[in-house]
Amino acid sequence: MSLSSTSAPAKLLIIYTGGTIGMAYNDATGALIPMDFKEIKYHIPEIARLGCEFDMHAFNPPMDSSNMSPDIWRQLANLVYDHYSAYDGFVILHGSDTMAFTASALSFMFENLSKPVILTGSQLPIGEIRTDAKENIITTMEIAGAKRHGRAIVPEVCIYFDYYLFRGNRTKKNSTEKFDAFYSLNYPPLAEAGIDIQYNETNIIRPASQPFAVNARMNADIAVLKMFPGITPNAVNAILHTPGVKAVIMETFGNGNTITAPWFIDGLRKAMDNGIIVLDRTQCDGGSVELGRYETSAYLKAIGVTNGNDMTFEASVTKLMWLLGQGYPPDKTRQLLETPLRGELSEK
Ligand code: ASP
């Protein structure tokens, strides 16, 4: 089960995109600067003892993940595709800010994934004494190379951070300062690293037997309407009628509730009559949308708003972009939004 077990050592591709993790002190100036990742063994000499082989692919220049985009997701997906047969697993070092978006986007772009693709990063740069980068990288490499009976134990796109492995499209960054910066409130962790790494195998998706493929078409013509008490018709209409927008994620209260003022309901109905898809997603990080549970969502169901169930915001954004990118008719897009495609939402 470990990297150095029975057969050949695992071979990993480490893709370094940037983010805090890759910073080290410049000996001359003392300032934190992006490090040349060829120096990874200098900063983490322990990886020589992991019993795996690895190659590095570094973005040049490294990027802050706030500048992430569908184009770069496409590049990452194709990078994995181009090297798929040569490696047992992939480690993506990524800034934590948009890591959950990238993990979600990749999960939709990959079809029939049978190898681990694990994103990690850190809260403190690798060059800091108290850095969390070391543990995050070492354990991510161990999990990315872990096999049982010759097959990857975790053939999913995941995020590993601070001793927990989560399904990527269920994960959310929830702290800018704690080492446990991510959580997954609606799905259990896929593994927990203690003295041993305990895999939660019943919750891990088994791969399909069809060949791996990448479908990286995305369409970013979406907008977000976040509800708050006192929101004005001008603000709502500006979002619902944003030129070119094909779908709106409506971030609602509690179980999917909104205000019931006639101007609001009429505005939604008009937008939907014009072909806009409206996806109802709760502002709460835990729990799900239940249209009709309260009167304040019953009418949403009646007018055909799509139920975002327990999807994260990150999964909702990237799934919508991906579905729009496929060019499906709106009815099929709405139906697939409510259907689990990569374990991103729970069966009703
Ligand atoms: N701003 C950084 C980024 O997301 C933060 C981090 O790496 O954690 O790239």
Side-chain angles (χ1 to χ4, degrees), residues 13-26 31-40 42-44 47 56-77 79-80 90-107 109 117-141 143-144 157-184 189 193 218 220 224 285 312-318 321:
L13 181 64
I14 301 181
I15 301 168
Y16 168 56
T17 66
T20 300
I21 194 166
M23 303 274 174
Y25 286 105
N26 179 310
L32 277 169
I33 53 162
M35 133 193 153
D36 177 351
F37 244 84
K38 293 196 192 83
E39 294 172 23
I40 190 169
Y42 165 78
H43 287 283
I44 319 182
I47 59 177
M56 293 286 314
H57 177 101
F59 277 26
N60 187 13
M63 63 183 291
D64 187 296
S65 79
S66 304
N67 284 316
M68 195 42 75
S69 68
D71 268 347
I72 303 173
W73 293 333
R74 209 169 289 129
Q75 284 171 33
L76 276 172
L79 199 58
V80 170
F90 299 82
V91 171
I92 301 180
L93 304 178
H94 193 290
S96 61
D97 290 351
T98 63
M99 190 183 291
F101 287 92
T102 299
S104 300
L106 292 177
S107 76
M109 289 175 165
V117 176
I118 308 185
L119 289 87
T120 194
S122 66
Q123 293 284 57
L124 282 176
I126 201 167
E128 289 261 3
I129 294 175
R130 291 181 55 249
T131 186
D132 49 332
K134 272 190 182 193
E135 199 289 315
N136 286 349
I137 292 179
I138 289 171
T139 307
T140 297
M141 289 176 69
I143 295 172
V157 181
C158 302
I159 288 180
Y160 179 81
F161 226 89
D162 198 50
Y163 303 104
Y164 285 95
L165 182 76
F166 300 112
R167 176 171 298 156
N169 58 30
R170 291 288 197 154
T171 309
K172 178 160 203 64
K173 181 172 179 180
N174 74 324
S175 174
T176 56
E177 55 188 356
K178 291 190 176 166
F179 286 143
D180 59 337
F182 287 86
Y183 62 29
S184 159
M218 283 216 160
V224 179
D285 292 337
T312 61
F313 177 63
E314 293 82 347
S316 306
V317 165
T318 54
M321 287 182 179

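All ligand and atom numbering here is 1-based and tracks the order in the structure. Just so you know, these numbers come straight off a predicted model, no measurement behind them.
Inclusion of T98 in the set of residues having an N or O under 3.5 Å from an N or O of ligand 1 is not warranted. Of the polar atoms of K173, none of the N or O atoms is found under 3.5 Å from an N or O of ligand 1, judged by distance alone. For ligand 1, none of its N or O atoms has an N or O atom of S66 under 3.5 Å away.
Aromatic ring pairs are classed by plane angle as parallel below 30°, tilted from 30° to 60° and perpendicular above 60°; the pair F166 and Y164 is parallel.
Heavy atoms of S122 approach ligand 1 to within less than 4.0 angstrom.
Among all non-hydrogen protein atoms, the one lying nearest atom 7 (O) of ligand 1 is T20 N, 2.7 Å. Atom 4 (O) of ligand 1 has its closest protein heavy atom at S65 OG, 2.6 Å. Protein heavy atom nearest atom 8 (O) of ligand 1, with residue, atom name and distance: S96 OG, 2.4 Å.
When every heavy atom of L124 is checked against every heavy atom of R130, the shortest pair comes out as CD1-O, 3.4 Å. Between S107 and N169 the shortest heavy-atom distance is OG-ND2, 3.1 Å.
Judged by distance alone, with hydrogens and angles left aside, the side-chain atoms of D180 form no donor-acceptor pair with the main-chain N or O of F161 at under 3.5 Å. Although no hydrogens or angles enter the test, the distance criterion places no donor-acceptor pair under 3.5 Å between the side chain of T131 and the main chain of G127.
For ligand 1, the atoms closer than 4.0 angstrom to any heavy atom of G19 are 7 (O), 9 (O).
Side-chain contact of S69 with D71: a donor-acceptor pair under 3.5 Å is absent, judged by distance alone.
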